[in-house]
Every structure is written in C-alpha cells, then in structure tokens.
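Residue numbers count from 1 along this sequence. No hydrogens, no waters, no symmetry mates; every other heavy atom, side chains included, goes into these values.
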Amino acid sequence: GVCGWILVSLSFLLVLITFPFSIWMCIKIVKEYERAVVFRLGLILSKRAKGPGLILILPCTDVFIKVDLRTVTCNIPPQEILTKDSVTTQVDGVVYYKIQSAVCAVANVANVHLATYLLAQTTLRNVLGTQSLSQILSSREDIAHNIQVILDNATYQWGIKVARVEIKDVRIPVQMQRSMAAEAEATREGRAKVVAAEGEMNASRVLKQASLVLSESPAALQLRYLQTLATLATEKSSTIVFPLNIIHFLSEGIITTN
C-alpha cells in the first residue's frame, strides 16, 4: 500500500544520500549453487529466488535468505523396528535430497532439513514395519525405492526432490542369527542328501544297463573281470586269483592273452 511505497522511497533516498558508502550494504553476492529469497516488507520479491551473481537489496526494508541447492546427505540413525513376523531388528539408512524450489523451502516450512530428517525416520519405521525379516534382507532395493517415492511425494510442497534412498545395515539379534545359521545348515545338509540320493539312483540305473549288456555275453563278463584284475595289479603288493572258469576259457581258446 501507500505506507509500503513511502518506506521503499525513504530507503532509496537513504541509499542516494549515503552513496557510495551504502553500495556495500546493497550489493550481495550469491554463489552458483545458492539462491537468495528476498523479502521486501515481509513479501517475497518477484515471487522467485534471486541469483546466482550480484543482487541488489535495499537496507531497512529488504531481508534475504540464502538457500543451498546442492545435494544433502541425511544419515538416518539405527531405528528399532518390529517386523511383520514379530522380529525386533535395527535398521539404518541414508537419504540423498536437494532443494529444487528455494521459495517453497523458505516459505512453506520452518526448517526444511529438520523436517525432512524426521520424516525420513518415520517413513523408514512405517515401511519396514509392514515387511517380514526375510523380505527386508532380500528386497532392500524395492523397499528403498518405496521409501523414496513416499518421501518425494510428501516433501514436494517443501521444494524438496529426493534423489536416492539406501538401507545401509540390518542388525539382527545374536540369538536370531544363530537360529538362521542352524536353519541354513540344515537346509544345506538336506540338499546334500538329496544330491547324493539322486547320484546313487543314476548310478544304479547305469549299472543295471551294464549288467544287461554283460548278461548277453558270458565272455564279456570274464573280460571285464580280467580288466579289473589288471587294474588291481598296478599296486606293488597284490595277489591275483584266477577262478576255474577263467582257466577253462583260456585252455579252450575262448579268451586269448597278449
């Protein structure tokens, strides 16, 4: 209104009277990764942020707040969580976010970083409380993506863009670790027994086929016997016993020796 124009005019007049000394109070430098939200008589000037570079403000009537637009790392401390299957565990994580709208970050929330930090803790507990321990251990990426979507939607009005969410560590009680180790060991032993049984079954099938082939020719069985004896004879101390039917076949010329 009229009072506002009068105050702004007086501020301009003060700058002109005290020039060039007042120029050092009017010119401000905003860095490349910063934006300045200027309030003139309590209203945001031009409804947008200023910068980067040099900006001009009026003393007595203008107040500015610098906002850092770089990515911020929010470390979530270990949270005590009761999972869906009634297992108590501690989970910590990290959230990467940045301010996209400096005006919203200043005008819509008192402390944007504290609000995002507390919201990240609450969202982590709420999301993991609906998952079982096995799901938390095996689906970290999906859970982290769900947390990122929830945080991004909640902080949109604050001018925040959540870039990434990571679950760093899942701490399981010692007693639960022992139970899981015993379960995993029992599972491995069961698989080993199944593999051994399948090997025995396959070997028995092959032996059955071999026995059918040998049964068709008695001489083949004797040749196999001699081959086995030759294998045993490679040892330094060995005694070879020839059955009578082998000697009979040798004398009849059915089996020849070389």
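- Listed by chain and residue number, nothing satisfies the salt bridge (charged side-chain N to carboxylate O under 4.0 Å, His left out) test with R125 (two or more places apart in sequence, or in another chain).
- Note that R164 lies outside the cation-pi zone of Y96, set by a 6.0 Å cut-off to the ring centre and a 45° limit from the axis.
- Between T71 atom OG1 and Y97 atom OH the span is 10.5 Å, to the nearest 0.5 Å.
- Expressed to the nearest 0.5 Å, how far CG of N111 lies from CG of L118 amounts to 9.0 Å.
- The CG atom of L124 sits 4.5 Å away from the CD1 atom of I147 when rounded to the nearest 0.5 Å.
- One distance of note links OG of S9 with CG of L14; it measures 12.5 Å at 0.5 Å rounding.
- A 6.0 Å sphere centred on NZ of K98 holds no more than 12 heavy atoms belonging to other residues, nucleotides or ligands.
- For E80, the CD atom sits in a packed shell: over 12 heavy atoms of surrounding residues, nucleotides or ligands are nearer than 6.0 Å.
- Summarising the geometry, atom CG belonging to D68 is positioned 10.5 Å from atom NZ belonging to K66; distances are rounded to the nearest 0.5 Å.
- The environment of K31 atom NZ is sparse: at most 12 non-hydrogen atoms of other residues, nucleotides or ligands sit within 6.0 angstrom.
- For Q157, the CD atom is loosely surrounded, since the number of other residues' heavy atoms within 6.0 Å does not exceed 12.
- Remark: side-chain polar atoms of D152 are not paired, donor with acceptor, to backbone N or O of Q148 under 3.5 angstrom.
- Remark: D169 engages R171 in a salt bridge, criterion side-chain N to carboxylate O under 4.0 Å.
- Annotation: the span from I150 atom CD1 to T123 atom OG1 amounts to 6.0 Å, rounded to 0.5 Å.
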